[in-house]
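What follows is a single structure, written as structure tokens, with notes after it.
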Amino acid sequence: MRIIVCENYESLSKKAAQIVGSQIILKPNSILGLATGSTPVGMYKNLIKMYEEGLIDFAKVKTFNLDEYYKLPVDNIQSYHYFMDENFFNHVNIPRENIHIPDGLASDIENECISYDESINNSGGIDIQVLGIGNNAHIGFNEPTINFNKGTHVVTLDESTREANARFFNSLDEVPTKAVTMGIGSIFKSKKILLLASGKNKAKAIYDTVHGQVTPQVPSSILLLHHDVIMILDKEASSLLNEDDYESVNDYEKVK
Ligand code: GLP
């Protein structure tokens with residue numbers, strides 16, 4: 001694991017976009033695993049800018065999103081389909097047929113989950129997976145639980161997650177109780193993983209990821225076992241880490 005601590009959210013977003021952008025330059029037909037939430041929005045803005053400046057071309061890129069709310073219409077402004085269109089897909093040239101997001105409205109949801117993992121595998125696997133992290137250390141919508149769930153599946157959201165995400169809805173009641181998410185296994189198969197965390201409310205989750213033991217109670221802790229993870233943090237998200245923690249990771253860098 002490599003930890004990069006950035007001065008602020010702006011430099012974190014730029015650094016993340018540079019890493020994803022260089023992946024696309026080196027391999028134009030890259031398979032990207034994408035995340036929602038407020039954290040990657042700055043990265044998407046920087047990637048759009050790089051596209052507009054002619055630095056990167058998405059014509060051959062394929063994408064797979066981590067998750068979607070269960071039974072939330074895709075035209076609902078809180079759906080992750082809507083979020084991705086607004087924040088990224090409407091602004092770059094990824095062919096529509098190359099975009100994949102779990103279908104939370106599928107009539108046969110179990111089959112949808114199986115075929116989602118099959119499509120990832122058939123595409124050759126994810127080259128770089130972008131992750132945010134929940135306050136409770138969830139990745140995708142893999143909540144703290146008693147075992148690491150392998151494939152894409154339907155999950156019941158923790159109340160703390162619903163409360164954290166209620167800021168995007170009119171009220172807590174409107175926040176769906178379930179979601180479809182790539183499993184820890186689907187995420188773990190990615191060749192490279194980029195986890196972004198910004199702000200004080202993520203500091204504990206980051207500390208638990210790096211410092212503690214690998215346990216499904218801290219879903220992000222599985223990343224310690226992956227061979228190629230970069231965590232990009234701003235100062236606040238890294239504020240609970242200390243020198244001892246850095247010894248447990250392979251590399252550590254500070255950028256302005
Ligand atoms: C949601 C998403 C996660 C995301 C998390 C954190 O729960 N399913 O993928 O990492 O929110 O979101 P934010 O970046 O807004 O803090």
Side-chain angles (χ1 to χ4, degrees), residues 6 8-10 12-13 16-17 20 32-46 63-72 74 76-84 86-88 100-104 113 116 126 128-145 149 152-169 172 174-184 186-188 190 193-206 208-209 218-223 229-234 236-239:
C6 297
N8 52 37
Y9 178 71
E10 284 65 39
L12 172 157
S13 300
V20 174
L32 308 182
L34 298 178
T36 52
S38 40
T39 312
V41 169
M43 177 196 76
Y44 290 134
K45 284 202 173 99
N46 278 277
T63 66
F64 287 89
N65 261 77
L66 278 170
D67 47 17
E68 176 57 286
Y69 288 112
Y70 183 60
K71 300 276 184 221
L72 193 66
V74 293
N76 185 304
I77 59 168
Q78 299 312 337
S79 79
Y80 287 167
H81 280 75
Y82 195 96
F83 174 99
M84 289 305 299
E86 286 290 296
N87 287 290
F88 192 46
H100 306 83
I101 304 179
D103 179 6
C113 292
Y116 200 71
I126 291 171
I128 184 163
Q129 173 68 57
V130 178
L131 296 177
I133 187 167
N135 297 348
N136 63 359
H138 73 222
I139 48 177
F141 266 132
N142 290 276
E143 302 282 29
T145 181
N149 208 314
T152 298
H153 62 287
V154 176
V155 64
T156 299
L157 300 176
D158 277 9
E159 273 314 291
S160 66
T161 298
R162 294 186 64 242
E163 281 160 20
N165 289 359
R167 67 189 194 278
F168 300 114
F169 292 80
L172 181 60
E174 283 185 17
V175 185
T177 54
K178 291 183 178 182
V180 185
T181 182
M182 271 190 210
I184 293 289
S186 331
I187 294 170
F188 202 79
S190 309
I193 295 176
L194 193 60
L195 184 143
L196 314 179
S198 165
K200 266 226 140 41
N201 60 339
K202 300 294 168 67
K204 174 76 167 60
I206 293 300
D208 290 345
T209 305
V218 181
S220 54
S221 65
I222 193 81
L223 300 178
V229 175
I230 306 178
M231 279 198 344
I232 310 184
L233 314 174
D234 65 7
E236 291 189 336
S238 73
S239 59

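Quick caveat, the model's predicted, so the values are computed rather than measured. FYI, the numbering just counts along the sequence from 1. Every number for a ligand or one of its atoms is a count from 1 in the order of the listing.
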Y80 contact mode with ligand 1 (heavy-atom cut-off under 4.0 Å):
side chain

d(L196 CG, I230 CD1) to nearest 0.5 Å is 10.0 Å

Determine, using ring centers only, whether F169 and Y69 are less than 6.0 Å apart.
yes

Does ligand 1 have an atom under 4.0 Å from some heavy atom of G140?
yes

Quick check on contacts: which atoms of ligand 1 are under 4.0 angstrom from a heavy atom of N165?
1 (C), 7 (O)

Check each atom of ligand 1 against the heavy atoms of F141 and keep those under 4.0 Å away; list them by number with element.
1 (C), 7 (O), 8 (N)

Under 3.5 Å between any N/O of L66 and any N/O of ligand 1: does that happen in this structure?
no

H81 and side chain to side chain contact (heavy atoms under 4.5 Å, CB included): which single residue from N76, I101, L72, T36 fits?
I101

Does ligand 1 have a heavy atom under 4.0 Å from the side chain of S38, from its backbone, from both, or from neither?
both

Relative to the heavy atoms of G132, which atoms of ligand 1 are at a distance of less than 4.0 Å?
10 (O)

Looking at A205, is its backbone amide N or carbonyl O close enough to the side chain of N135 to form a donor-acceptor pair, meaning the two atoms are under 3.5 Å apart?
no

Under 3.5 Å, side chain of Y9 to main-chain N/O of S198, donor-acceptor pair present?
no

Indicate, as side chain, backbone, both or neither, the part of R167 found under 4.0 angstrom from ligand 1 when only non-hydrogen atoms are considered.
side chain

If you scan protein heavy atoms around atom 16 (O) of ligand 1, the nearest is K202 NZ, 2.6 Å

Atom 5 (C) of ligand 1 [closest protein heavy-atom partner, distance rounded to 0.1 Å]:
H138 NE2, 3.7 Å

Can you check whether A35's main-chain N or O pairs, donor with acceptor, with Y80's side chain at less than 3.5 Å?
no

Atom pair OH/CG of Y116 and N65 - distance to nearest 0.5 Å
5.5 Å

Among all the protein's non-hydrogen atoms, which is closest to atom 12 (O) of ligand 1, and how far away is it?
G37 CA, 3.8 Å

For ligand 1, find out whether one of its N or O atoms is nearer than 3.5 Å to an N or O atom of T161.
no

Main chain of S160, side chain of D158: is a donor-acceptor contact present, judged purely on distance under 3.5 Å?
no

Among protein heavy atoms, which lies nearest atom 8 (N) of ligand 1, and at what distance?
D67 OD2, 2.8 Å

What's the separation between atom CG in N46 and atom CD in E10, rounded to the nearest 0.5 Å?
9.5 Å

Filtering I139, T36, T39 for the heavy atom nearest atom 14 (O) of ligand 1 leaves T39

Whether E68 lies under 4.0 Å from ligand 1, heavy atom:
no

Spatial distance of atom OG1 (T63) from atom CG (L32) [nearest 0.5 Å]
7.0 Å

In this structure, atom 6 (C) of ligand 1 is nearest to the protein heavy atom I133 O, 3.5 Å

